[in-house]
Every structure is written in C-alpha cells, then in structure tokens.
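What follows is a set of notes on a single structure, which appears directly below.
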Amino acid sequence: MRAISDYQDIIHSHFKALQLNKEPNNLYEPIRYILSLGGKRLRPVLTLMAAEVFDADSQKAMPAATAVEVFHNFSLIHDDIMDDAPLRRGNETVHEKWDLNTGILSGDAMLILAYQFFENYEPKVFRDLAKLFSKTALEVCEGQQYDVDFETRDDVTIPEYLKMIEYKTAVLVAAAMKMGAIVAETSTENADAIYDFGLNLGIAFQLQDDYLDAFGNPETFGKQVGGDIIENKKTYLYLKALEFSKAEEKEQLLHLFSIHPTDNTDKIQSVKQIFTQTGADVATQKAIQDFTEKAFQTLDAMLISEDKKVVLKAFGNKLMSRNV
C-alpha cells in the first residue's frame with residue numbers, strides 16, 4: 001500500500017486532468033470551480049485506499065472515487081446555500097461568486113454526473129455501487145434536514161445529534177471505503193467491516209470539524225471560524241456545554257443561541273468562553289478519541305494483513321490530529 005500523500009497526489013492529478021469542458025458553460029464553470037478548490041480529498045483517497053487494502057489496483061476504483069468526490073462537492077454547494085456561507089476552502093462559495101440559481105442548478109448537475117461515473121463498471125459492481133450510493137445520498141439529505149430542524153429546537157439530545165452527523169457526514173466516509181471494497185470484489189464481511197471503520201471515523205471527523213469550527217485557526221481552517229455559533233447550530237460542544245453548565249452559564253448560552261447580531265464577534269467570543277469554562281471543549285476532544293478507537297476496533301474483523309491494519313490506523317490517527 002502507498003502513503004496517504006501518494007493517494008492524495010494521485011487524486012489531485014486526476015481532478016486536475018478531469019475534462020468537464022461541456023456546454024452550457026454557465027452550468028459547468030461553477031462545477032469546475034468547486035472541484036478546483038481541492039480540499040483534503042479525504043473521501044476519494046479512502047476509496048482508492050480501500051481497494052488496495054483488498055488487493056485491487058487503485059486505478060480500478062478511480063471512477064467510484066470520482067463519483068464520491070463529485071457528490072461530496074455537490075452537497076457542499078447546496079449546504080453553503082442553506083447556510084448562506086461566504087467562504088468554502090478559503091474562497092468564495094459558488095452562490096456568492098455566481099448567484100443562487102446557478103448554485104442550485106450546477107449542484108443538481110453534479111449529482112447526476114456522480115452517478116454517471118459508475119457506468120464504468122460491469123453490471124454486478126455497478127448495481128452494488130449504485131445501491132450503496134442511493135442509500136447514502138438519501139441519508140445525507142436526511143442528516144441535512146435534521147441539522148436544519150435542530151436550529152429551531154431547544155431540546156436536541158446528544159444521541160439525536162450523533163445520529164445527525166452520522167447521516168450528514170459519516171455515512172459518506174463509510175460508503176467511500178465500502179465502494180473500494182466493492183470494486184475489489186472482496187467478501188461481504190470485509191466490505192461491511194470497512195464500512196463500520198469509516199462510519200466511526202466519520203463521526204470522529206465531524207466532531208473534530210465541530211471543534212475546529214470554534215477553536216480552529218482561521219488561516220488554516222479554510223472556513224469562517226465560529227460559523228456554527230453564528231448559525232446557532234446545536235453542536236456536540238453546545239450540547240455538552242448545556243449539560244455541564246451552571247444556571248447562569250446555561251441562561252447566557254441559551255440567550256446567545258437565540259440572537260442574530262449584526263456583528264458576531266462578541267457572540268463568538270462569549271460562547272467559546274462558556275465552552276471552555278464548562279469543560280465542553282475537553283468532553284468533545286474525548287468523544288473524538290472514543291469514536292476513533294471504536295473505528296480501530298473494527299479492524300479486528302477484517303481478513304487483511306497486519307501491515308494494512310497499521311496503515312489504516314495511521315490514517316485515522318493522522319486525521320484526528322489535523323488542524324484544517
């Protein structure tokens with residue numbers, strides 16, 4: 001197996017060479033733009049890696065990896081519209097650079113394009129990939145709706161929140177890995193085990209993203225720090241802060257998450273202070289570690305060599321020590 005950086009280089013080169021020079025230009029230019037912004041390319045890397053874990057040539061998994069990344073970027077365009085986000089990966093979001101209608105339509109086209117990449121496979125593999133992809137895409141939409149619903153609810157629980165991030169984020173990470181296993185035509189047991197590995201790692205990844213949204217470095221995070229606070233999102237940090245807070249802190253936090261000031265600087269600072277005072281920041285870091293360890297436990301069920309398990313574990317550890 002290769003180093004993670006090697007997979008990233010392969011994916012980067014692939015997307016740089018990907019030809020989407022189609023008409024009408026106003027539909028495809030925003031697609032080329034969002035795909036050119038790069039990012040971590042985590043999901044397609046996982047697809048290539050999973051294929052090699054199960055002894056297939058990673059290039060065979062490239063169409064599936066491409067589908068995963070195109071779908072992920074489609075979801076980002078629509079998420080940014082729903083969140084009215086100004087920045088994505090340190091650059092203007094599609095709906096800001098063009099307009100709302102362009103963002104909606106170009107996003108729709110990306111969803112269809114994602115499906116078309118599966119047409120590179122023979123019928124059985126195509127069927128299994130498409131079935132997993134349809135299930136995953138619907139769960140991502142369900143997770144996004146839960147996320148929206150939570151903004152107007154004051155009774156969101158930790159289990160509900162974890163279900164939301166499982167659907168919104170983790171299932172796509174899990175599916176990316178299982179797609180590599182499907183392309184490699186490994187056993188059902190192996191495919192299911194690597195799905196569970198990706199699922200738990202995906203939950204840990206989103207909890208880490210929530211943490212960095214509040215406490216990340218604006219220069220490396222690539223998104224607006226404090227965005228979740230501005231949008232009054234009931235993140236794990238917020239829910240743990242409510243759980244651990246004293247009466248006065250709880251009252252202040254509930255108030256801060258009921259307002260939309262013109263200038264959010266003071267609001268962000270005040271909320272972060274409560275997160276720290278209550279120990280919600282530490283509790284979130286512990287949850288990140290717990291789900292990462294849960295992911296590592298699934299490696300025991302995989303019938304693969306120990307050196308491959310070491311590579312997967314190293315990837316998980318690297319992912320959880322990120323600052324972007």
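Excluded from the calculations below are hydrogen atoms, water molecules and symmetry mates; all remaining heavy atoms, backbone and side chain alike, are included. Numbers for residues simply follow the sequence, beginning at 1.
- Residues D154 and F257 are not in side-chain contact: their nearest non-hydrogen atoms beyond the backbone lie 4.5 Å or more apart.
- Evaluation of the salt bridge (Lys or Arg N to Asp or Glu O under 4.0 Å) test over residues 257-268, restricted to residues two or more places apart or in two chains, returns none.
- Residues D79 and K168 have side chains in contact (heavy-atom distance under 4.5 Å, counting atoms from C-beta outward).
- Other residues, nucleotides and ligands contribute more than 12 heavy atoms inside 6.0 Å of the CD atom of E119.
- In this structure, I34 and I77 have side chains that are in contact, with non-hydrogen atoms separated by less than 4.5 Å.
- Not one N or O on the side chain of D147 forms a donor-acceptor pair closer than 3.5 Å with the backbone of G143.
- L254 is connected to I158 through a chain of hydrophobic side-chain contacts under 4.5 Å among Ile, Leu, Val, Met, Phe, Trp and Tyr, so both are in one cluster.
- Interatomic distance, CG of L76 versus CZ of F71, reported as 10.0 Å (0.5 Å rounding).
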Audit row: I31, L113, side-chain contact (heavy atoms from CB on, under 4.5 Å) steps and yes/no
CA-CA 10 Å; I31 297 174; L113 282 170; 4.1 Å; yes
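- In this structure, the ring of Y161 has its center no less than 6.0 angstrom from the ring center of F150.
- A salt bridge links K60 with E185; the closest basic N to acidic carboxylate O contact falls under 4.0 Å.
- Taking all atoms of both residues into account, the shortest heavy-atom contact from V68 to M179 is CG2-SD, 3.4 Å.
- Of the options E293, Q285, K286, a side chain to side chain donor-acceptor pair (under 3.5 Å) to Q289 is made by E293 and by none of the others.
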Chi angles and distances behind the side-chain contact (heavy atoms from CB on, under 4.5 Å) call for L199, V171
CA-CA 6 Å; L199 192 71; V171 292; 3.9 Å; yes
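- In this structure, NZ in K294 is found 5.5 Å from CZ in F291, a value given to the nearest 0.5 Å.
- Without hydrogens or angle criteria, E160 side chain to T157 main chain gives a donor-acceptor distance under 3.5 Å.
- Taking a cutoff of 4.0 Å between a charged side-chain nitrogen and a carboxylate oxygen, K233 and D213 do not qualify as a salt bridge.
- Both Y33 and L100 belong to a single network of hydrophobic side chains, linked directly or stepwise wherever heavy atoms of I, L, V, M, F, W or Y lie under 4.5 Å apart.
- The distance from atom CG of N73 to atom CG of L35, rounded to the nearest 0.5 Å, is 5.0 Å.
- Shortest non-hydrogen contact noted between R32 and K22 is NH1-N, 4.2 Å.
- With H78 contributing its side chain and I104 its backbone, the two residues share a donor-acceptor pair below 3.5 Å.
- Ion pair D281/K240 not flagged as a salt bridge, since none of the NZ, NE, NH1 or NH2 atoms sits closer than 4.0 Å to an Asp/Glu carboxylate oxygen.
- The closest donor-acceptor contact from the side chain of E139 to the backbone of Y167 lies at 3.5 Å or more, if one exists at all.
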Please determine whether side-chain contact (heavy atoms from CB on, under 4.5 Å) holds for the pair K272 and I229, giving the CA-CA distance in whole Å, both sets of side-chain angles, and the decisive distance to 0.1 Å.
CA-CA 9 Å; K272 285 171 65 175; I229 295 171; 4.1 Å; yes
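- Here D128 pairs with K124 under the salt bridge (Lys or Arg N to Asp or Glu O under 4.0 Å) rule; sequence neighbours left out.
- Counting only distance, with no hydrogens or angles, the side chain of T47 and the backbone of M177 share no donor-acceptor pair below 3.5 Å.
- The backbone N or O of F244 sits nowhere less than 3.5 Å from a side-chain atom of T278 that would complete a donor-acceptor pair.
- When side chains are defined from C-beta on, V183 counts as touching L129, because their heavy atoms get closer than 4.5 Å.
- Within the model, atoms OG of S5 and NE2 of H12 stand 13.0 Å from one another, a figure rounded to the nearest 0.5 Å.
- Summarising the geometry of P44 relative to A65, their closest heavy-atom pair is CB-O, 3.5 Å, with the distance given to 0.1 Å.
- D84 places a side-chain heavy atom less than 4.5 Å from the side chain of H95.
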CA sep, side-chain torsions, deciding dist, call: L46, F315, side-chain contact (heavy atoms from CB on, under 4.5 Å)
CA-CA 10 Å; L46 290 177; F315 175 78; 3.2 Å; yes
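- With a 4.5 Å cut-off on side-chain heavy atoms, K40 and I11 do not count as touching.
- In terms of hydrophobic clustering, with Ile, Leu, Val, Met, Phe, Trp and Tyr side chains grouped at heavy-atom distances under 4.5 Å, L242 and I259 are assigned to a common cluster.
- Under a 3.5 Å cut-off, the side chain of N120 and the backbone N or O of F117 do form a donor-acceptor pair.
- Screening residues 43-56 for salt bridge (Lys or Arg N to Asp or Glu O under 4.0 Å), with sequence neighbours left out, gives R2-E52, D55-K308.
- A donor-acceptor pair under 3.5 Å is absent between the side-chain atoms of K313 and the main chain of F296, judged by distance alone.
- Judged by distance alone, the side chain of S13 and the main-chain N or O of I10 form no donor-acceptor pair under 3.5 Å.
- Ring orientation note: the planes of F133 and Y115 are nearly perpendicular, at an angle over 60° on the 30°/60° scale.
- Under the 4.5 Å side-chain heavy-atom criterion for ILVMFWY residues, no single connected hydrophobic cluster contains both V282 and Y236.
- In this structure, the side chains of T186 and I194 stay at 4.5 Å or more apart for every pair of heavy atoms.
- From I182, atom CD1 reaches atom OG1 of T188 across 9.5 Å, with rounding to the nearest 0.5 Å.
- More than 12 heavy-atom neighbours from other residues, nucleotides or ligands sit within 6.0 angstrom of CD on Q116.
- When all heavy atoms are compared, the tightest approach of T102 to N26 is CG2-O, 3.9 Å.
- Side-chain N or O atoms of N200 include one that pairs as donor or acceptor with a backbone N or O of D196 at under 3.5 Å.
- Connection of L299 to V310 is not established within any shared hydrophobic cluster, with ILVMFWY side chains joined at heavy-atom distances below 4.5 Å, either directly or through further cluster members.
- Distance CD/E249 to CD1/I274: 6.5 Å, rounded to 0.5 Å.
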Report the C-alpha distance between Y121 and F118 in whole Å, list the side-chain angles of each, state the deciding distance to 0.1 Å, and finish with yes or no for ring pair (Phe, Tyr, Trp, His ring centres under 6.0 Å).
CA-CA 6 Å; Y121 297 102; F118 296 134; 7.2 Å; no
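- The shortest heavy-atom contact between A214 and V225 is O-CG1, 3.8 Å.
- Pairing each heavy atom of P30 with each of V94, the nearest pair is CB-CG1, 3.9 Å.
- Using a 3.5 Å distance cut-off with no hydrogens or angles, the side chains of N21 and Q19 do pair a donor with an acceptor.
- Side chains of T298 and Y195: no donor on one and acceptor on the other come within 3.5 Å.
- Side-chain contact between E69 and R41: present, with at least one pair of heavy atoms (C-beta onward) separated by less than 4.5 Å.
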